[in-house]
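Here's the structure, in structure tokens; my notes come after.
Numbers restart at 1 for each chain; the letters A, B, ... are given by sequence-line order, proteins then strands. Because the structure is a prediction, the values reported are computed rather than measured.
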Amino acid sequence: MYRAPRGMQDILPDDQPEWHYLLDRCADIAKRYGYRRIDTPIVESTDVFLRGVGETTDVVEKEMYTFLDKGENSLTLRPEFTAAICRAYLEHGMASWPQPVRLYSIGPLFRYDRPQAGRYRQFHQFNVEAIGEADPTVDAEVIDMAGLLYEELGIPRTSLLVNSIGDEACRPSYVAALRDYFARHLGDLCADCRGRLERNPLRLLDCKNSVCQRIGDDAPRSVDWLCDACASHFATLSRYLDRLGRPWQVDHRLVRGLDYYTRTVFEYQPHDVGGQSTIGGGGRYDGLIAQLGGRPTPGIGFATGLERILLNLKKAGFEAPPPARPVAYVVAIGEETAADAVALAATLRRRGIPTAGPVGGRGVKGQMRQANASGARYAVILGPDELAAGEAQLKPLQGGEPRMVPLWRIADALTADT
RNA sequence: GUGGGCGUAGCCGAGUGGUCAAGGCGCCAGAUUGUGGCUCUGGAGAUCGAGGGUUCGAACCCCUCCGUCCACCCCA
């Protein structure tokens, strides 16, 4: 028996109401903040992610679905949105639009990872980017939008962690200081961290190993190494965040795993932590557009995992909106009425009435069971007697008396009740 | 990539070496002839994840693979 690929799943009809509820909430929030939707291809040239996300990141090194198409071009199933959106920004000359360009996307991403709670190989994100503005007002805007989304969805007790990791001017010296510091504790570090020391010292900060954590407690803090411009940016953002009234805290160990981040980085975490503690996060990427071949252009973005939102909503006792149900279910009695029943159902649908049935080859009882199971409000029953009289029986399925209605008025009767 | 738990009908789930593998949900049908929901009755549906091995005999023991869940790693 065939199954969906590992770590990927079908979104079944019963799952659709909650799924679409979520999509709608995201789209609504984005709209309220003035963000417009963009959809990009699910595959991109591999280079977009190689150069955008960073060649030494885990995402690029071991998690990408990369393949050669028949023209020998290397393509990759997008593992994240930001690099792809920036590619679109450049390709379509969005630098000539009013800045910042505010965009959002919703769709599937792919990462070849070992699946576990809240982590899948195909997963979905709501993603937001504001490209072309370096001012911290935009940082505050994006951070606030994410917070409001969680608030309105009713995810209880998320905490907002923020940090600033500097830019190309000040980060190198900070990284050097960090490397020096950890090098002095080399013997006590876990094996992973010893490896990370050379390649990406920032990552030592969020190692889960308790010994490494204790060493990290006294490590140099990025906020102490910021250049004047970065320090001022962070100070201003801090004022804005305080003024917004949403609780937040600086997390000196927050660094995030993608290379393009500069200055502001942030994460939202539900308190009720399982294995996957981050529900959403993002940050500034002032060097990314240039990295992809454009003129230097600042940007900031945010992404949240829809599956993780759902995970948290369900833990909080979230109930999905009720599924869509037909208004009418047409029941045909006997072979000779089947054609007229099919035509009657077709007529109702043309009149805009959601209609299911008829299904032949079953008894009346069987069809009535179907009608009931469909959740339809009315059974429209057509038998030889009704047909002869030019009418059909309209039977309310949630209580009430059946009545006879002329065939030509059935749509009106149903519409009047809708 | 590493470690651990688990894999019995569409779903849940008993059964841990020996009759034709329980039960529940769901599905289909019937309970006097053309009417659902409750109840009752009946039926269909399982090569017990796959392959190999041990044994007179395996769903139950062993091995391999696959899948799944959880954790590490990483991240959403």
Side-chain angles (χ1 to χ4, degrees), chain A residues 1-9 12 14 53 56-64 78-82 106-128 146 150 190-193 195-196 200 203 206-209 254-258 267-270 273-282 301-312 329 331-337 357 359 361-387 392-399 402:
Chain A
M1 166 121 70
Y2 292 111
R3 310 181 191 218
R6 179 161 201 208
M8 306 191 183
Q9 52 199 281
L12 297 172
D14 281 350
V53 177
T56 64
T57 57
D58 276 25
V59 169
V60 168
E61 274 189 337
K62 45 189 204 191
E63 296 176 2
M64 295 207 305
R78 44 139 96 135
E80 63 124 41
F81 275 114
T82 303
I106 299 179
L109 292 308
F110 302 85
R111 253 119 99 160
Y112 188 85
D113 224 359
R114 204 100 170 234
Q116 67 186 71
R119 194 176 77 184
Y120 307 99
R121 288 182 172 180
Q122 179 179 165
F123 60 101
H124 299 75
Q125 284 185 352
F126 167 53
N127 178 271
V128 147
Y150 299 138
C190 70
D192 282 342
C193 282
R196 287 195 269 246
N200 199 345
R203 299 231 57 80
D206 60 2
C207 180
K208 302 278 198 317
N209 179 295
L254 180 59
V255 294
R256 302 186 57 78
L258 309 178
E267 277 184 11
Y268 279 92
Q269 301 191 347
V273 288
Q276 311 301 326
S277 54
T278 304
I279 190 169
F302 164 79
T304 188
L306 298 189
E307 286 85 357
R308 287 191 187 173
I309 288 180
L310 235 30
L311 206 63
N312 281 278
Y329 194 104
V331 172
I333 301 173
E335 285 286 313
E336 59 277 27
T337 60
V359 173
R362 288 176 191 251
V364 179
K365 183 190 280 253
Q367 291 185 69
M368 287 301 292
R369 277 199 191 119
Q370 295 291 314
N372 185 61
S374 78
R377 283 216 296 281
Y378 293 93
V380 179
I381 303 164
L382 192 64
D385 297 347
E386 287 84 354
L387 202 53
Q393 185 190 148
L394 202 58
K395 179 173 185 171
L397 291 171
Q398 276 109 52

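- At a threshold of 4.5 Å between non-hydrogen side-chain atoms, the residues A:Met8 and A:Phe110 count as touching.
- Of all the heavy atoms in A:Arg121 and A:Arg6, the pair that sits closest is CD-O, 3.2 Å.
- When both distances must be under 3.5 Å, the Watson-Crick or G-U wobble mate of B:G7 is B:C66.
- To the nearest 0.5 Å, the span separating CG on A:Asn127 from CD1 on A:Ile106 amounts to 10.0 Å.
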Expected rows: protein N/O vs nucleotides 32-34 of chain B N/O, under 3.5 Å:
from	atom 1	to	atom 2	distance (Å)
B:G34	O6	A:Asp385	N	3.1
B:G34	O6	A:Asp385	OD1	3.0
B:G34	O6	A:Asp385	OD2	2.3
B:G34	N1	A:Glu386	OE1	2.9
B:G34	N1	A:Glu386	OE2	3.2
B:G34	N2	A:Glu386	OE1	3.4
B:G34	N2	A:Glu386	OE2	2.5

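- Atom name C1', nucleotides B:G24 and B:C20: the rounded distance is 22 Å, in whole Å.
- A:Phe126 comes within 4.0 angstrom of nothing in the nucleic acid, heavy atoms only.
- Rounded to the nearest 0.5 angstrom, A:Gln269 CD and A:Asn312 CG are separated by 11.0 Å.
- In this structure, A:Thr304 contributes its side chain and A:Ile279 its backbone to a donor-acceptor pair below 3.5 Å.
- Here the CG atom belonging to A:Leu306 is positioned 8.0 Å from the CD atom belonging to A:Gln125, to the nearest 0.5 angstrom.
- Between A:Arg121 atom CZ and B:C69 atom P the separation is 11 Å, expressed in whole Å.
- Relative to the side chain of A:Arg6, the nucleotides B:C73, B:G67, B:A76 differ in distance, and B:G67 lies closest.
- Comparing A:Gln9 and A:Leu258 by the nucleotide of RNA chain B whose heavy atom lies nearest to each, the residue mapping closer to the 5' end is A:Gln9.
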Please write out each protein N/O paired with an N/O of nucleotides 43-49 of chain B under 3.5 Å, distance rounded to 0.1 Å.
none

Distance-only check: which donor-acceptor pairs under 3.5 Å involve side-chain atoms of residues 366-375 of chain A, not counting sequence neighbours?
from	atom 1	to	atom 2	distance (Å)
A:Gln367	OE1	A:Ala332	N	3.0
A:Gln367	NE2	A:Ala332	O	2.7
A:Gln367	NE2	A:Arg362	O	3.4
A:Ser374	OG	A:Ala371	O	2.7
A:Ser374	OG	A:Ala376	N	3.1

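- Following rounding to the nearest Å, A:Leu394 (CG) and B:G36 (P) show an atom-to-atom distance of 17 Å.
- The partner of B:C72, taking Watson-Crick or G-U wobble pairs whose two distances both stay under 3.5 Å, is B:G1.
- For A:Gln125 and B:A76, the CD to P distance is 6 Å, given to the nearest whole Å.
- Shown here is A:Gln398, whose CD atom has more than 12 heavy atoms of other residues, nucleotides or ligands within 6.0 Å.
- Between the P atoms of B:G36 and B:A31, the separation comes to 11 Å (whole Å).
- Pair assignment for B:U54: none, as no Watson-Crick or G-U wobble contacts are both less than 3.5 Å.
- Within 3.5 Å, no donor on the side chain of A:Asn372 pairs with an acceptor on the base of B:G37, nor the reverse.
- Closest approach of A:Val380 to A:Ala392, counting heavy atoms only: CG1-CB, 4.1 Å.
- Taking atom C1' on both nucleotides, B:C61 is separated from B:U54 by 8 Å, rounded to a whole Å.
- Taking atom CZ of A:Arg203 as the reference point, atom P of B:C73 lies 11 Å away to the nearest angstrom.
- In this structure, B:G36 makes no Watson-Crick or G-U wobble pair, since no nucleotide meets both defining distances under 3.5 angstrom.
- Where A:Gly399 and A:Tyr120 each meet RNA chain B at their nearest nucleotide, the meeting point lying more 5' is that of A:Gly399.
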Distances under 3.5 Å only, N/O to N/O: pair up the protein atoms with those of nucleotides 1-5 of chain B.
from	atom 1	to	atom 2	distance (Å)
B:U2	O4	A:Arg114	NH1	2.7
B:G3	O6	A:Arg114	NH2	3.2

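- The CE-P distance, from A:Met368 to B:A31, rounds to 16 Å in whole Å.
- Here B:A44 sits opposite no nucleotide as a Watson-Crick or G-U wobble pair (both hydrogen-bonding atom distances under 3.5 Å).
- For the C1' atoms, the distance from B:A59 to B:G17 is 10 Å, rounded to whole Å.
- Rounded to the nearest Å, the gap between the C1' atom of B:A44 and that of B:G30 is 14 Å.
- Distance check, rounded to the nearest 0.5 Å: CD of A:Glu307 to CZ of A:Arg119 gives 13.0 Å.
- Evaluation of the ring pair (Phe, Tyr, Trp, His ring centres under 6.0 Å) rule for A:Tyr150 yields A:Tyr268 as partners, not counting sequence neighbours.
- For B:G57 and B:G1, the P atoms lie 38 Å apart once the distance is rounded to whole Å.
- Residues A:Pro79 and A:Met64 share a closest heavy-atom pair of CG-SD, 4.0 Å.
- If you measure from atom CG of A:Asp58 to atom P of B:A76, you get 12 Å, rounded to the nearest angstrom.
- Residue A:Gly7 is classed as a sugar-phosphate contact, given heavy-atom separations below 4.0 Å to backbone atoms only.
- Between A:Pro115 and A:Gly7, the shortest heavy-atom distance links the atoms CG-CA, 3.7 Å.
- Remark: A:Gln116 is in phosphate contact with B:A71, judged by side-chain N or O atoms under 4.0 Å from OP1 or OP2.
- Protein atom CD1 of A:Ile309 is 15 Å distant from nucleotide atom C1' of B:C75, rounded to whole Å.
- Under the 3.5 Å distance criterion, the side-chain polar atoms of A:Arg111 are left unmatched by any main-chain donor or acceptor of A:Arg78.
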Set out, line by line, the N/O atom pairs under 3.5 Å between protein and nucleotides 25-30 of chain B.
from	atom 1	to	atom 2	distance (Å)
B:C28	OP1	A:Arg362	NH1	3.2
B:C28	OP1	A:Gln370	NE2	2.4

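- For the pair A:Leu109 CG and B:A76 C1', the interatomic distance rounds to 8 Å; values are reported in whole Å.
- For the P atom pair drawn from B:G45 and B:G23, the interatomic distance equals 15 Å after rounding to whole Å.
- As rounded to the nearest Å, B:U2 and B:U19 have C1' atoms that lie 46 Å from one another.
- With values rounded to the nearest 0.5 angstrom, A:Tyr120 atom OH is found 15.5 Å from A:Arg114 atom CZ.
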